[in-house]
Amino acid sequence: MADNGPSALQRFNNGIGPENPVFRQILGLCPTLAVTNTVSGALTMAAAVAFVLICSNVLISLLRLQLKPHLRILVFTLTIAAFVTIADRVLAAYLYSMSRLLGPYVPLIIVNCIIIARCEVCAAKQGLMPALGDAIGQATGNAAALLAISSVREILGSGKWFGFTLYQSPVHISWLGQGTPFWESWSIMILPPGAFLTLGLLLGLVNWAVAKRKAA
């Protein structure tokens with residue numbers, strides 16, 4: 001099988017920018033919406049996805065010459081399931097409270113479109129280094145998107161970032177008088193509507209930036 005696709009560095013850069021899984025490919029939105037009410041939860045999910053994505057891409061790339069076209073989806077699924085099980089059990093053993101917080105979304109990584117798409121697009125067609133660069137780039141792009149969304153939601157929704165208190169709601173400014181709050185936390189931001197609102201606004205911002213760059 002010819003290995004004439006993008007280089008490892010191109011794959012890496014594409015995953016962060018032009019092929020960002022969340023902001024450009026609109027993939028993996030279920031966990032993106034569900035676990036980004038806190039930064040710690042979002043980064044834990046990003047780490048689990050990165051582990052599964054990198055291990056799956058590497059293994060599929062090593063097996064690509066033995067893959068039969070009619071069996072490739074089955075091999076992808078079994079490979080991903082094995083690494084998802086490892087990630088789920090490690091979280092349950094060493095980060096039990098986080099494992100409970102993330103609930104079914106870690107086992108559901110097995111149906112995350114980001115991972116199976118990279119197996120199909122890159123790992124099954126290219127060698128080890130491009131597949132590794134692709135996995136790391138996609139994992140980094142996914143983590144950056146989850147960090148951005150969760151930061152907006154946690155700061156506006158609870159006045160915290162990564163669990164650290166940034167402000168006590170309501171915020172008062174002395175010259176306005178103690179009875180006049182300047183700012184109150186938007187509790188809706190840590191609820192499901194806040195996830196859709198934040199994702200929509202950030203998607204719009206990214207699309208605007210991309211369009212402005214192309215027009216320049």
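One is the number of the first residue; the rest follow in order along the sequence.
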Exercise. Do Arg24 and Asn14 have a side chain donor and acceptor closer than 3.5 Å?
Worked result: no

Exercise. Among the clusters formed by ILVMFWY side chains lying less than 4.5 Å apart, do Leu201 and Leu205 turn up in the same one?
Worked result: no

Exercise. Heavy atoms, side chains only, cut-off 4.5 Å: are Leu101 and Met98 in contact?
Worked result: yes

Problem set entry | Ala195: side chain to side chain contact (heavy atoms under 4.5 Å, CB included) partners, not counting sequence neighbours | Leu33, Arg153

For this session: Please name all residues satisfying side-chain hydrogen bond (donor to acceptor under 3.5 Å, both in side chains) with Asn13, sequence neighbours left out, ordered by chain then number.
Result: none

For this session: Starting from the C-alpha separation in whole Å, work towards a yes-or-no answer on side-chain contact (heavy atoms from CB on, under 4.5 Å) for Arg11 and Arg118.
Result: CA-CA 11 Å; Arg11 288 288 190 189; Arg118 301 328 297 177; 3.6 Å; yes

For this session: Would you mind reporting whether Tyr94 and Ser99 have side-chain heavy atoms less than 4.5 Å apart?
Result: no

Exercise. Can you tell me how far CD1 of Ile109 sits from SG of Cys30, rounded to the nearest 0.5 angstrom?
Worked result: 11.5 Å

For this session: Would you check if Phe76 and Leu71 make a side-chain contact, meaning some heavy-atom pair closer than 4.5 Å?
Result: no

For this session: Kindly compute the distance separating CD1 (Ile149) from CG (Leu199), expressed to the nearest 0.5 Å.
Result: 5.0 Å

For this session: Assess whether side-chain contact (heavy atoms from CB on, under 4.5 Å) is satisfied between Ile155 and Lys160, documenting all intermediate values.
Result: CA-CA 5 Å; Ile155 291 172; Lys160 297 180 179 179; over 6 Å; no

For this session: Check whether any side-chain heavy atom of Glu154 lies under 4.5 Å from a side-chain heavy atom of Asn37, and answer yes or no.
Result: no

Exercise. Among the clusters formed by ILVMFWY side chains lying less than 4.5 Å apart, do Val35 and Ile190 turn up in the same one?
Worked result: no

Problem set entry | Side-chain touch Ile73/Glu120, heavy atoms, less than 4.5 angstrom | yes

Exercise. Quick one: CD1 on Ile60 to CD on Gln66, what's the gap to the nearest 0.5 Å?
Worked result: 11.5 Å

Exercise. So how far is it from Ser56 OG to Phe83 CZ, rounded to the nearest 0.5 Å?
Worked result: 5.5 Å

Exercise. So with a 6.0 Å cut-off around CE of Met129, is the heavy-atom count from everything else above 12?
Worked result: no

Seminar exercise, completed: Scanning both residues in full, the closest heavy-atom pair of Leu102 with Gly41 reads CD2-O, 3.7 Å

Exercise. Taking all non-hydrogen atoms of both residues, which atom of Gly28 and which atom of Asn112 are closest, and how far apart?
Worked result: CA-OD1, 3.9 Å

Problem set entry | Sub-4.5 Å side-chain heavy-atom contact between Cys119 and Asn57 | yes

Problem set entry | Single-linkage hydrophobic cluster, 4.5 Å side-chain cutoff, Leu147 and Leu156 together | yes

Exercise. Who passes side-chain hydrogen bond (donor to acceptor under 3.5 Å, both in side chains) against Ser151, sequence neighbours left out?
Worked result: Trp161

Problem set entry | Shortest non-hydrogen contact from Ala123 toward Ala131 | CA-CB, 4.1 Å

Exercise. Rounded to the nearest 0.5 Å, how far apart are CD1 of Ile116 and CG of Leu27?
Worked result: 11.5 Å

Exercise. Do Val121 and Leu53 belong to the same hydrophobic cluster, where Ile, Leu, Val, Met, Phe, Trp and Tyr are linked whenever their side-chain heavy atoms lie under 4.5 Å apart, directly or via other members?
Worked result: no

For this session: Take Met189 and Thr198 through the test side-chain contact (heavy atoms from CB on, under 4.5 Å) and record every step on the way to the result.
Result: CA-CA 8 Å; Met189 296 303 288; Thr198 305; 3.1 Å; yes

Exercise. Are any of the side-chain heavy atoms of Tyr96 and Leu91 separated by less than 4.5 Å?
Worked result: no

Exercise. With side chains defined as the heavy atoms from C-beta onward, is the minimum distance between Gln138 and Glu19 less than 4.5 Å?
Worked result: yes

Problem set entry | Distance (rounded to the nearest 0.5 Å) between Leu67 CG and Leu62 CG | 11.0 Å

Seminar exercise, completed: What one should report as the nearest heavy-atom pair of Tyr105 and Pro31 is CD2-CA, 4.4 Å

Exercise. Arg89 side chain to Ile86 main-chain N or O, any donor-acceptor pair under 3.5 Å?
Worked result: no

For this session: Might you work through the side-chain contact (heavy atoms from CB on, under 4.5 Å) test for Ser185 and Tyr167, ending with a clear yes or no?
Result: CA-CA 9 Å; Ser185 298; Tyr167 62 87; 3.5 Å; yes

For this session: Treating Ile, Leu, Val, Met, Phe, Trp and Tyr as nodes and any side-chain heavy-atom pair under 4.5 angstrom as an edge, say whether Val49 and Val106 lie in one connected cluster.
Result: yes

Exercise. So with a 6.0 Å cut-off around CZ of Phe196, is the heavy-atom count from everything else above 12?
Worked result: no

Problem set entry | Asn142 (side chain) donor-acceptor with Pro21 (main chain) under 3.5 angstrom | no

Exercise. Counting N and O atoms only, with roles assigned by atom type, does the side chain of Gln126 sit under 3.5 Å from a partner on the main chain of Ser61, one being a donor and the other an acceptor?
Worked result: no

For this session: Verify, without hydrogens or angle tests, whether Asp88 (side chain) and Val84 (backbone) share a donor-acceptor contact under 3.5 angstrom.
Result: no

Seminar exercise, completed: The side-chain contact (heavy atoms from CB on, under 4.5 Å) partner of Ser150 among Val39, Leu43, Thr38, Thr32 is Val39

